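These numbers were taken from a predicted model, which means no experiment stands behind them. Chain identifiers are assigned alphabetically (A, B, ...) following the order of the sequence lines, protein sequences preceding nucleic acid strands; residue numbering begins at 1 within each chain.
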2 protein chains.
Amino acid sequence: MKGTEKLTIKDVAKRSGFSVATVSAVINDVPIVSEKSKNKILQVIEEMGYRPNTIARSLKKSKTSTLAIIVKDITNPFYPELISGIEEVAWSKNYEVFLCNTENDIEKEKKYIDNLISKQVDGVFLSTSSLDRIVDYTVLSDSNIPYVFVNRKPNVLFDNEWFVGTDNYAAVQKAIRYIISKGIKDIAFYAGPQEYWTFNQRLLAFKETMEKEGLEVKDEWIFTREEFNEETGYNNTLKLIKDSKLPECIFCSSDPLAFGAYKALSENNIKVPDDMYLMGTDNNKFGELIGLSSIDMNNKQLGREAAEVLIDVLKNKETQKKNEIILPPELIIRSSC
Amino acid sequence: MKGTEKLTIKDVAKRSGFSVATVSAVINDVPIVSEKSKNKILQVIEEMGYRPNTIARSLKKSKTSTLAIIVKDITNPFYPELISGIEEVAWSKNYEVFLCNTENDIEKEKKYIDNLISKQVDGVFLSTSSLDRIVDYTVLSDSNIPYVFVNRKPNVLFDNEWFVGTDNYAAVQKAIRYIISKGIKDIAFYAGPQEYWTFNQRLLAFKETMEKEGLEVKDEWIFTREEFNEETGYNNTLKLIKDSKLPECIFCSSDPLAFGAYKALSENNIKVPDDMYLMGTDNNKFGELIGLSSIDMNNKQLGREAAEVLIDVLKNKETQKKNEIILPPELIIRSSC
DNA sequence: TAGATTTTTGTAACCCTTTACACAAAATTT
DNA sequence: AAATTTTGTGTAAAGGGTTACAAAAATCTA
């Protein structure tokens with residue numbers, strides 16, 4: 001049925017001959033309405049094309065069936081997978097989700113959080129946290145909005161905070177051990193920005209694994225530049241090449257870093273894997289193009305789990321699950337090593 | 001200020017000694033409150049940490065300051081750029097945006113639209129439309145919710161419908177002319193699914209341009225497979241190779257198609273660009289990895305423009321802008337041709 | 001068949017804002 | 001100082017649902 005007039009539950013009540021309370025009960029599946037009445041009401045709803053006004057419902061119930069995900073930069077190929085996992089589960093449990101892209105802007109992030117509180121979202125996914133909590137997320141819990149850190153987390157986790165992530169330490173440990181098992185000893189490490197838990201863990205794992213295996217970690221082979229994009233990988237590699245001695249392998253804490261490295265290597269006629277082993281992290285789907293070995297961090301599943309946890313918290317208020325959930329990564333070996 | 005008690009405008013009124021009406025006026029910047037009162041109220045708001053309940057406001061105003069974007073699959077690398085453009089402008093004009101991922105499921109898309117109407121979003125971006133309108137979007141306008149098609153559009157545009165897209169026809173025309181200018185005559189065309197406007201336009205442009213240039217279009221060199229992913233590009237190319245005569249160039253209606261083609265070509269020792277020219281479409285940032293020439297469809301700008309149009313419609317109800325906005329694409333030449 | 005019990009339905013308050021309108025206070029004019 | 005205008009503030013009614021509670025209707029019991 002067309003028409004721009006707004007239908008309310010009152011209209012349905014009037015047309016069907018029942019009271020608003022009864023209609024409301026039908027809409028909300030409260031099982032106190034006789035089958036006969038229910039059918040009649042449903043039919044009228046169908047006929048009139050009535051859709052409940054969720055806003056009014058939210059106001060009354062103080063629940064909006066809305067979640068939000070805050071990310072730094074959605075064009076980072078890591079996020080779409082994560083988001084699609086979240087969306088999938090959220091959808092299945094009848095939540096809509098706001099997408100908040102902070103563009104690396106702290107003030108924007110803070111304002112987003114304020115807005116989300118105003119908009120009364122039921123819960124929030126945070127994938128922006130640095131180790132030292134530049135942004136104060138507890139304003140959310142002060143407003144009774146639970147949140148879960150996804151992928152990245154702050155140094156310490158408070159009560160009422162959840163974290164779902166992949167085991168970055170194990171990921172790198174596994175990868176490095178694999179590389180070593182190939183007889184490689186000289187490994188350069190592009191570490192990425194150390195204020196983030198993920199990159200922090202990865203570097204830690206590298207150092208400790210090398211040490212355990214009795215191998216030397218050269219300072220000039222560790223690059224902790226601020227970014228983890230292609231450009232940084234490219235520049236790191238040029239610098240590496242300028243040095244007299246090349247390592248046998250470059251391990252990159254992200255795939256874009258590895259792509260940049262690959263480009264620099266190609267340009268300098270250094271063949272992968274013949275002259276140099278190369279490994280990335282995150283298993284970007286385009287890594288296959290250059291046969292890049294990588295570590296699959298299971299991003300979609302990460303999103304799914306995060307959504308399960310958050311919605312669980314929402315439903316039970318006190319969830320049985322533990323505060324931290326760590327998923328296993330998977331080593332993906334292709335031709336680059 | 002911490003605490004889980006919910007603050008309302010009444011609390012602010014009581015504490016500040018003014019009425020709710022006055023407080024509300026301050027919050028909404030209605031200039032009828034004296035400077036002195038305003039400051040006092042603002043200070044109390046700050047002190048108490050009061051945040052207006054947007055839900056209640058939305059109910060009263062019948063406006064939610066919320067938009068939604070419906071896409072088919074957010075992991076398609078085309079979308080994040082588009083979305084970030086939309087988000088950027090939406091944010092700057094104080095809108096939040098719902099992300100709706102249909103996973104190519106028509107029923108899910110319909111249900112999403114129903115939900116969005118229930119949630120009273122102010123406007124919607126649609127990037128899912130097939131030429132023949134499988135989904136009925138007019139339920140949105142029936143509910144007074146404007147929408148704009150982004151990138152893809154249906155065959156005919158009704159009144160009250162907007163479209164913002166890139167000029168797909170011109171894009172391919174330009175690319176094909178460039179290729180021809182290089183002395184190439186035999187061009188294979190991976191066309192993608194023809195039920196979508198974008199791919200439809202691209203194929204049309206190919207055929208007409210070739211004809212205008214007096215070149216032959218071989219049926220067996222045109223692949224209109226249902227998908228436009230890597231796999232399809234790979235399979236198309238294997239098939240192509242099996243045929244006795246190879247073309248001199250493969251034009252792909254998407255970059256993933258080109259990536260798949262590249263893989264198949266490499267595996268069969270056909271060198272790009274020496275033995276085969278290759279061109280993609282969409283200028284995926286990882287195309288650079290293999291030196292893929294492509295067409296930049298300006299996705300971020302597309303998103304920005306779409307957001308401008310939609311919000312314009314929202315504000316003015318009748319916008320000055322025309323119903324269709326077509327942005328120019330840009331040819332990106334790299335080593336692959 | 002009256003009375004008790006169970007099932008179904010209706011009334012009205014509430015959720016938190018916004019805003020039309022009325023009124024009070026202050027400023028200005030006469 | 002009274003009358004008029006301007007400015008600032010308060011009251012109360014929406015907005016569209018949900019839900020506790022009361023009431024009516026239907027069913028059952030003896």
Q | Inter-axis angle, terminal five-pair segments of the helix from C:dT1-D:dA30 to C:dT30-D:dA1 [nearest 10°] | A | 40°
Q: Using side-chain hydrogen bond (donor to acceptor under 3.5 Å, both in side chains) as the criterion, list what pairs up with A:Asn115, not counting sequence neighbours.
A: B:Glu96
**Q.** Side-chain touch A:Val71/A:Asn101, heavy atoms, less than 4.5 angstrom
**A.** yes
Q: Would you please indicate if the ring centroids of A:Phe125 and A:Phe149 are separated by under 6.0 Å?
A: no
(Q) Between B:Lys108 and A:Glu88, does any side-chain N to carboxylate O distance fall below 4.0 Å? (A) no
Q: Sorted by first residue and then second, give each side chain to side chain donor-acceptor pair (under 3.5 Å) pair with at least one member in residues 48-57 of chain A; sequence neighbours left out.
A: A:Arg51-B:Asp114
Q) Is there a donor-acceptor contact under 3.5 Å linking the side chains of B:Glu109 and B:Tyr137? A) yes
(Q) So, applying side-chain contact (heavy atoms from CB on, under 4.5 Å) with A:Leu99, which one of A:Ile70, A:Ile74, A:Ile86 is it? (A) A:Ile74
Q.
Taking any atom closer than 4.0 angstrom to a non-hydrogen atom of chain B, what span of DNA chain D does the protein reach, first nucleotide to last?
A. D:dG8 to D:dG16
Q: Using the test side-chain hydrogen bond (donor to acceptor under 3.5 Å, both in side chains), find all partners of B:Ser19 that sit at least two apart in sequence or belong to another chain.
A: B:Thr22
Q: Under the side-chain hydrogen bond (donor to acceptor under 3.5 Å, both in side chains) rule, collect the residues that match up with B:Tyr196, sequence neighbours excluded.
A: B:Lys72
Distances under 3.5 Å between protein N/O atoms and the N/O atoms of nucleotides 20-22 of chain C, please, pair by pair.
none

Q: Measure the shortest side-chain to side-chain distance between B:Thr128 and B:Val135 over non-hydrogen atoms and say whether it is less than 4.5 angstrom.
A: no
Protein and nucleotides 13-16 of chain C: nitrogen or oxygen contacts under 3.5 angstrom:
{"from": "C:dC14", "atom 1": "O2", "to": "A:Lys60", "atom 2": "NZ", "distance (Å)": "2.9"}

**Q.** Residue pairs passing the salt bridge (Lys or Arg N to Asp or Glu O under 4.0 Å) test where at least one lies in residues 21-35 of chain B, sequence neighbours excluded
**A.** B:Asp29-B:Lys38
Q. Whole-Å distance between C:dT19 P and B:Asn28 CG?
A. 7 Å
Q) What salt bridge (Lys or Arg N to Asp or Glu O under 4.0 Å) pairs are there with at least one residue in residues 151-163 of chain B, not counting sequence neighbours? A) B:Arg133-B:Glu161
Q) Taking atom types as modelled, is there a side-chain donor on A:Thr138 or A:Ser141 under 3.5 Å from an acceptor on the other? A) no
Q.
Under 4.0 Å, heavy atom to any atom of DNA chain C: which of residues 29-41 of chain B qualify?
A. none
Q) Do you see a donor-acceptor pair shorter than 3.5 Å between the side chains of A:Thr166 and A:Asn298? A) no
Q) Can you list the residues that meet the side-chain hydrogen bond (donor to acceptor under 3.5 Å, both in side chains) rule with B:Glu324, with sequence neighbours excluded? A) none
